[in-house]
Visitor: 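First, the structure itself, so that you have it in front of you.
Convention: sequence-line order gives letters A, B, ...; per-chain numbering from 1.
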There are 2 protein chains.
Amino acid sequence: MARLSSPTRDRILDAAGKLFYAEGLRAVSMDGIAEAVGVTKRTLYYHFRSKDDLIAAWLQMRDQPNLAVFQHWFARSEGDVADKVQAIFDQLARAARRRTWKGCGFLRASVELVNLPGHPAIAAARAHKKRVEAWLCSVLREVGDDMIAQTLARQVILLLDGAFAVVLLHRDPEYFEVAGAAAAALIRRGRHEILKEQRRS
Amino acid sequence: MARLSSPTRDRILDAAGKLFYAEGLRAVSMDGIAEAVGVTKRTLYYHFRSKDDLIAAWLQMRDQPNLAVFQHWFARSEGDVADKVQAIFDQLARAARRRTWKGCGFLRASVELVNLPGHPAIAAARAHKKRVEAWLCSVLREVGDDMIAQTLARQVILLLDGAFAVVLLHRDPEYFEVAGAAAAALIRRGRHEILKEQRRS
DNA sequence: TTGAGTATATTCACTGGTCGGTATATATTT
DNA sequence: AAATATATACCGACCAGTGAATATACTCAA
């Protein structure tokens with residue numbers, strides 16, 4: 001039986017993930033992955049039951065690190081919450097200038113697997129995006145009550161994923177900055193409404 | 001030589017488009033399309049040079065009608081510009097409740113063809129999204145000057161495409177409503193800034 | 001310490017099926 | 001007869017996945 005962790009398994013996940021992100025899930029064959037890892041295709045099927053399993057394992061593996069990058073960018077930056085959220089978009093604009101940048105692997109997977117609604121990779125993508133949304137909600141809690149924070153978190157997520165899609169299409173990182181400005185404006189407006197309510201009471 | 005228009009050609013485009021939208025570009029084979037049209041595969045290749053050509057022709061054909069739907073929803077609705085833009089999101093929320101809804105075909109094509117940057121379908125998708133953005137810019141011109149209108153148009157596009165992506169992932173049409181509220185808020189804020197400047201002068 | 005036995009890990013060679021695309025022939029229309 | 005349009009049958013390449021054999025590493029009794 002294959003173990004849950006082994007050097008070979010990690011090498012497979014790493015190489016396969018790079019290929020999936022660079023070329024797309026369906027554009028990458030198991031033969032191609034095997035060659036990239038320097039291993040026979042049979043070894044792939046020793047460590048993973050199927051290609052679909054490998055895809056899902058890759059996305060599950062990326063969940064925590066991806067969220068950690070957002071949290072890092074947020075924590076490192078100066079200013080109020082709106083500034084810190086905007087900093088995430090600025091960093092993404094920088095990343096998107098690299099030729100190797102190809103958008104969000106989770107969103108892309110959900111598009112490529114749109115005809116397989118029960119695919120485990122889609123569940124992984126959903127879980128990841130919900131974790132990001134929940135984290136945003138927690139840091140936006142200082143702006144307003146639960147409902148305001150939740151709505152703002154959703155709006156930020158919409159701008160974030162919108163920028164992923166639009167920048168991938170037009171290859172124009174400026175959209176990340178425009179999205180960041182919109183996110184900051186919405187957050188400040190949320191805070192503003194609270195101040196208005198405080199004055200009222 | 002194949003003509004630019006013929007009943008058979010139209011039937012192919014129609015059936016192929018439905019399949020592409022429902023299943024994804026790579027998940028649909030030319031054999032499958034031929035069977036759906038009720039025609040031999042050879043006939044497909046008489047009317048279209050390749051599968052890639054067929055994909056591009058489908059997206060080019062969808063450009064104008066898709067934009068027209070947005071314009072129709074905008075024109076039919078009551079209220080100011082912010083309300084009318086929000087109405088587009090509300091209508092999309094309604095559409096997304098259908099089981100057959102699968103997001104935006106243009107965005108999905110750009111994701112599926114991410115490893116073929118020069119693909120004609122990507123050019124078609126870019127042109128379509130830019131046309132939508134330009135139209136939004138023209139209707140937002142009444143809110144502020146060219147720069148304000150352009151920024152707002154981009155922010156609306158970001159929320160629109162973000163909602164396409166997020167709703168496709170979570171299958172939760174509510175995100176369209178949240179996105180519409182954000183778009184309306186940003187537009188009203190744009191108008192508000194103008195009023196402030198007018199007061200100042 | 002060694003050697004038999006066992007679980008783990010990997011290789012080679014292969015399969016059935018699907019894919020995009022085509023060579024050739026044949027209708028149908030002008 | 002010439003141009004347009006469709007059908008039959010086929011090709012080589014690629015794809016996900018597998019059967020059988022083998023190498024490596026660990027376990028434990030003599």
Visitor: Considering only C:dC19, D:dA7, D:dG17, which nucleotide approaches the side chain of B:Thr40 most closely?
Guide: D:dA7
Visitor: To the side chain of B:Tyr46, which of D:dG17, D:dT4, C:dT11 is closest?
Guide: D:dT4
Visitor: May I ask you to verify if any side-chain N or O of A:Thr43 is less than 4.0 angstrom from the OP1 or OP2 atom of C:dT10?
Guide: no
Visitor: Could you pick out which residue, A:Gly32 or B:Val39, lies toward the 5' side of DNA chain D when each is mapped onto its nearest nucleotide?
Guide: B:Val39
Visitor: Establish, with yes or no, whether the OP1 or OP2 oxygen of D:dT6 is under 4.0 angstrom from a side-chain nitrogen or oxygen of B:His47.
Guide: yes
Visitor: Evaluate the side-chain proximity of A:Phe74 to A:Val81: yes if any heavy-atom separation is below 4.5 Å, no if none is.
Guide: yes
Visitor: What orientation do A:Phe106 and A:His128 show, parallel under 30°, tilted 30 to 60°, or perpendicular over 60°?
Guide: parallel
Visitor: What are the residues of residues 22-30 of chain B, sorted by number, that bring a heavy atom to within less than 4.0 Å of DNA chain C?
Guide: B:Val28, B:Ser29, B:Met30
Visitor: Find out whether B:Tyr46 and B:Thr8 are in side-chain contact, i.e. whether some heavy atom of one side chain is under 4.5 Å from a heavy atom of the other.
Guide: no
Visitor: Hey, is B:Asp90 close enough to B:Arg94 for a salt bridge, meaning N to O under 4.0 Å?
Guide: no
Visitor: If a protein heavy atom is under 4.0 Å from the base, mark B; if only from the sugar-phosphate, S; if neither, -; do that for nucleotides 22-30 of chain C going 5' to 3'.
Guide: BBB------
Visitor: When you measure from the side-chain N and O atoms of B:Thr8 to the phosphate of D:dT6, is any distance below 4.0 Å, counting only OP1 and OP2?
Guide: yes
Visitor: Under 4.0 Å between a side-chain nitrogen and a carboxylate oxygen: does that hold for A:Glu23 and B:Arg26?
Guide: no
